[in-house]
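What follows is one structure encoded as structure tokens, with my remarks underneath.
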Amino acid sequence: MASSVFLRHSLAAAKRPFLPFQLARRSTSNFAYVPGGPIYKGTVNDPTTFPPSKKSHGSHHWTFERLLSAGLVPLTAAAFVTSGSPTPLLDGLLGISLIVHSHIGFDCIIVDYVHKRKFPTLGPLLTWTLRLTSLAVGVGVYQFNTNDIGACL
């Protein structure tokens with residue numbers, strides 16, 4: 001019984017003339033409808049194509065972070081060696097280096113774990129909180145180095 005209903009329906013559809021303007025009238029976009037969605041080249045396991053990379057992209061930041069981290073070792077040792085004498089230049093360098101090093105580290109944590117695409121309110125809020133905190137700590141270290149005993153004493 002079901003096969004005869006299917007046969008009658010397909011025969012009736014075959015007798016109707018196909019009008020190309022009917023397809024165009026039903027479509028609301030400039031692209032034809034593809035049953036099953038768009039067709040992508042390749043398979044599911046093929047990697048996504050990316051724009052060509054540059055050798056120096058990101059290397060400047062990485063180099064600066066590593067040089068700053070490596071430079072903190074002799075700066076800290078020099079601060080302990082000269083702790084009995086007033087050295088405002090060393091105090092200033094150590095204070096600025098520690099603040100920049102901490103800011104970069106916390107910024108990497110925020111970018112990696114609280115990205116603004118996933119957390120549209122919390123991500124920018126934490127980024128601006130970090131910026132304001134780094135600025136306040138910089139002012140505090142400046143006040144401590146100029147009006148008090150300094151970092152190395």
Side-chain angles (χ1 to χ4, degrees), residues 6 9-10 13 18-153:
F6 176 72
H9 178 68
S10 59
F18 175 73
L19 302 175
F21 65 90
Q22 287 178 343
L23 181 63
R25 187 175 39 173
R26 290 182 195 156
S27 176
T28 57
S29 68
N30 295 335
F31 302 103
Y33 172 72
V34 177
I39 299 172
Y40 296 107
K41 293 181 181 176
T43 65
V44 176
N45 294 326
D46 288 342
T48 304
T49 56
F50 291 101
S53 61
K54 299 177 185 173
K55 289 183 180 181
S56 64
H57 180 71
S59 66
H60 303 296
H61 300 288
W62 188 86
T63 304
F64 176 73
E65 290 171 7
R66 297 305 168 257
L67 286 174
L68 180 65
S69 299
L72 279 172
V73 174
L75 268 177
T76 307
F80 282 117
V81 168
T82 62
S83 62
S85 62
T87 52
L89 181 63
L90 186 59
D91 288 347
L93 281 175
L94 185 63
I96 290 171
S97 299
L98 285 172
I99 292 169
V100 170
H101 177 73
S102 299
H103 180 85
I104 289 172
F106 283 118
D107 188 49
C108 287
I109 292 171
I110 291 172
V111 166
D112 288 345
Y113 297 108
V114 193
H115 198 274
K116 67 181 179 180
R117 283 182 289 171
K118 189 169 184 179
F119 301 99
T121 304
L122 187 62
L125 177 71
L126 286 178
T127 300
W128 280 102
T129 302
L130 174 65
R131 290 174 182 166
L132 291 174
T133 303
S134 297
L135 181 67
V137 169
V139 169
V141 167
Y142 174 76
Q143 291 294 326
F144 184 70
N145 282 336
T146 56
N147 299 330
D148 207 349
I149 58 173
C152 295
L153 190 57

Check: Mind checking what makes side-chain contact (heavy atoms from CB on, under 4.5 Å) contact with Leu135, not counting sequence neighbours?
Finding: none

Item checked: Interatomic spacing from CG in Leu90 to OG in Ser97 - rounded to 0.5 Å -> 9.5 Å

Checklist line | With Asp112 via side-chain hydrogen bond (donor to acceptor under 3.5 Å, both in side chains) - residues at least two apart | finding: none

Margin query: Does atom NE2 (His101) have a neighbourhood of more than 12 heavy atoms from anything else shown, all under 6.0 Å?
Written below: no

Check: Say you draw a straight line from SG of Cys108 to OH of Tyr113; how long is it, rounded to the nearest 0.5 Å?
Finding: 10.5 Å

Checklist line | Leu94 versus Ala79, closest heavy-atom pair with distance | finding: CD2-CB, 3.8 Å

N/O donor-acceptor pairs under 3.5 Å from side chains in residues 123-132, not counting sequence neighbours:
| from | atom 1 | to | atom 2 | distance (Å) |
| --- | --- | --- | --- | --- |
| Thr127 | OG1 | Gly123 | O | 2.9 |
| Thr129 | OG1 | Leu125 | O | 2.7 |

Item checked: Sequence-distant partners of Val137, side-chain contact (heavy atoms from CB on, under 4.5 Å), two or more places apart -> Ile99, Thr133, Val141

Next item on the list: Could you grab the distance from atom CG of Asp91 to atom OH of Tyr142, nearest 0.5 Å is fine?
Entry: 13.0 Å

Checklist line | Heavy atoms of other groups near His61 NE2, more than 12 under 6.0 Å | finding: no

Notebook entry, point to check: Between CD1 of Ile104 and CG of Leu68, what distance do you get to the nearest 0.5 Å?
Noted result: 5.5 Å

Margin query: Which residues pass the side-chain contact (heavy atoms from CB on, under 4.5 Å) test with Phe119, not counting sequence neighbours?
Written below: Val114, Leu122

Next item on the list: Would you give the length of the straight line joining atom OG1 of Thr76 to atom CG of Leu98, rounded to the nearest 0.5 angstrom?
Entry: 6.0 Å

